[in-house]
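Report on one structure; see the data block that follows.
The sequence lines fix the lettering, A, B, ..., with proteins before strands; numbering per chain opens at 1.
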Protein chains: 2
Amino acid sequence: MTIKEVARLAGVSPAAVSRYLNGGPLSKDKKERVARAIEETGYRPNLMAKTMRTGKVRQVGVIVPRIMSESVNSLMDGIAEELLEKGYMTVLGYTDRSKDRELQYLDIMQSSRVAGIVLMATTLSEIKKVSLESCTLPLVITGQNFEGMPCVYHDDFNAVRELTELMIQKGAKRIVYIGVLEEDKAAGLARHEGCREALRRAGFDADGMPMRIADFEAQSGYQAMTELLEENPDLDGVICATDIIAHGAMKALKERGKRIPEDVMIAGVGDNWADLISTPTLTTVKLHQRRCGAEAARLLLELIGETEGEAEAEAGESAGHKSIKLGYRIIERESL
Amino acid sequence: MTIKEVARLAGVSPAAVSRYLNGGPLSKDKKERVARAIEETGYRPNLMAKTMRTGKVRQVGVIVPRIMSESVNSLMDGIAEELLEKGYMTVLGYTDRSKDRELQYLDIMQSSRVAGIVLMATTLSEIKKVSLESCTLPLVITGQNFEGMPCVYHDDFNAVRELTELMIQKGAKRIVYIGVLEEDKAAGLARHEGCREALRRAGFDADGMPMRIADFEAQSGYQAMTELLEENPDLDGVICATDIIAHGAMKALKERGKRIPEDVMIAGVGDNWADLISTPTLTTVKLHQRRCGAEAARLLLELIGETEGEAEAEAGESAGHKSIKLGYRIIERESL
DNA sequence: CTTTATAATGAAAACGATTACACGTTTCTG
DNA sequence: CAGAAACGTGTAATCGTTTTCATTATAAAG
């Protein structure tokens, strides 16, 4: 069904049908005829053709590293809600198990001419930087602060620093760390550094702190904890880069007869739903992922607006890339 | 950047550029010139225009009820992986907090002329049935068996029946149920019926079984369990429609001094990651969500293939809508 | 009953690609 | 060397819309 056929059926010109759909001037008589023809045929205007003609797309691309993750989900939730309100749809790209997929998606999305892109960044290689900088579409990065681009990110460093300081203040002396790959600048590097900084400030040996790298699954937290416990039987505090890792670690601690928090304190990052049902409940630091998504979407929409109204802007005062750093909140529970 | 500008820059016709990109016959000389022009301009063909002309879309729509859910995520994971392999992108629609969004999305996606749609169904009203049946695009339903349409779904009924029978066999006499809204034919109605059927077969009073309706969060499972415990202090078994609910319920049981499984047995559905880290670990029945997604995607691609090659098909022998019913596996752990 | 303003209308040109078609070269064949 | 076959190439039509512009019909004003 095309607009032409409908027009023929209604005995009017395609233009008339278009006007009916978009609210142009049209006589009552024709309005009715068109309405009937549409009703009968079940005609639906082809959005693609419309976009093509008007240049206005109602889709934005969202690229995330994983999909099976509460924090990523929250982010997407925030993005989608904000976008939906403005009538945009979300085109999803997720790059699990392959880093170059990230660039592939960036490429396809640019070719698809979506209105803009939100990319949740983890690693940030040279080649990727170039790709991002040369992106022809409005682009907002989340999860990392990438100088020169609009970003919405968390204060991972201070979040974990403060969390660790709390643990130290409560009496932990021999703290170990379970993190994720340091390639991941935020969840990997920044959190690790935050923990080390706290140790330094307390006069502990930050460089000598025992640690393990896990992935984002409980099982690997369990594994890491088991190993650390073997090598450091007298440890009395564990900082984990994510709550899921912490839950895995907690399992290992309990199995080995450690009482939490009496013998060993433990804390994670993320405010996962499971923190409340575990025994003991898990102390954590909440990063505002949903908010992060919402802000990113808002920022993107702003950029999209600017791009569309390029006419007036002209001389770039819009060069001032807005970036947003979000806060955090430590949530004290039983494990610390 | 359009193909025309590139052509002008390279001193060739637009057709030549197109042929360069799509592998038509072209002289060495021109190939080089075009290559250079593309390199210089960073030209990227507009996929939308291409689709418009060729009628071949590389996007499929996926409509899900929620996004913050491990089972939904697994499904999406299965879908996306299968699709990505064939070069398709995923357009996401999620209908959290509003049922009519489901139809809205169905509408928009049809208008967007995506290649096909996977819809994860929960409720199934009359109006929705009509909308689904009159969908003009290839459509696969997951999560429910909807007669007359291609579906991929789980055997929720027997999964929970068998799970309940196991609990009975292990000695539970006074079983209670925590479910979700029965509007949800699969997770709501079918699982509840499965539980009741097991009771009936064991000669228990299925109609008198105490129960509560929760939503998909641990907190509401906790709440439901608390109430049930109040009214039925002597209960000795709990079947939960989802693992998350079960974890909330377990929390409530433990707080009230019930030993699991000695005093009260409990089990859920879904094989959530947290099942392994809780104490005790949770007995559950695994539904193959990832597989479900993958099969749905495969089915959809088949349908898309048929639609494209409509030429030969003609007289409908393809009327035989394939549907797939997936199995389940009971995973016995400590809670039962 | 003209004249002028206003509203409704359709034809045709875009949007950015692909591709059928015809034309001009070159190469092969007899 | 003529004619056929093969190849390379550009022009123009097309996909399904919106929108400009010129036109016509209708209403208001003189």
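The nearest pair of heavy atoms linking I304(B) to G116(B) is CD1-N, 4.1 Å. Looking at every heavy atom in both residues, V6(B) comes nearest to T41(B) through CG2-OG1, 4.1 Å.
Atom P of nucleotide dC15(D) and atom CD of E5(A) are separated by 10 Å, given to the nearest angstrom. The nearest whole Å value for the distance from the CG atom in D29(A) to the C1' atom in dT26(D) is 14 Å. Between K31(B) atom NZ and dG8(D) atom C1' there is a gap of 11 Å when expressed in whole angstrom units. Taking atom CD1 of I3(A) as the reference point, atom P of dT17(D) lies 6 Å away to the nearest angstrom. If you take CG of L26(A) and P of dA7(C), they are 14 Å apart, rounded to a whole angstrom.
Closest to the P25(A) side chain, of the nucleotides dT9(C), dT9(D), dG16(C), is dT9(C). The listed nucleotides are dG10(D), dA17(C), dG16(D); the one nearest the side chain of V12(B) is dG10(D). For T2(B), the listed nucleotide lying nearest its side chain is dA17(C); candidates were dC15(C), dG10(D), dA17(C). Distances were taken from every side-chain heavy atom of R19(A) (C-beta onward) to each of dT9(C), dG10(D), dG16(C); the shortest belongs to dT9(C). Nearest nucleotide to the A15(A) side chain, out of dG16(D), dT19(D), dA17(C): dT19(D). Taking the side chain of A16(B) as heavy atoms from C-beta on, and the options dG10(D), dT19(C), dT17(D), the nearest nucleotide is dG10(D).
By the 4.0 Å N-to-carboxylate-O rule, R44(B) lies close enough to D107(A) to be salt-bridged with it.
Across all strands shown, L47(A) has no heavy atoms under 4.0 Å from either base or sugar-phosphate atoms. Using a 4.0 Å heavy-atom criterion, one finds that K30(B) contacts the sugar-phosphate atoms exclusively.
Within the cation-pi definition used here (under 6.0 Å to the ring centroid, within 45° of the axis), R66(B) qualifies as a partner of F216(B).
Where S27(B) and T54(B) meet DNA chain D, the nucleotide closest to each residue was compared, and S27(B) sits on the side nearer the 5' end.
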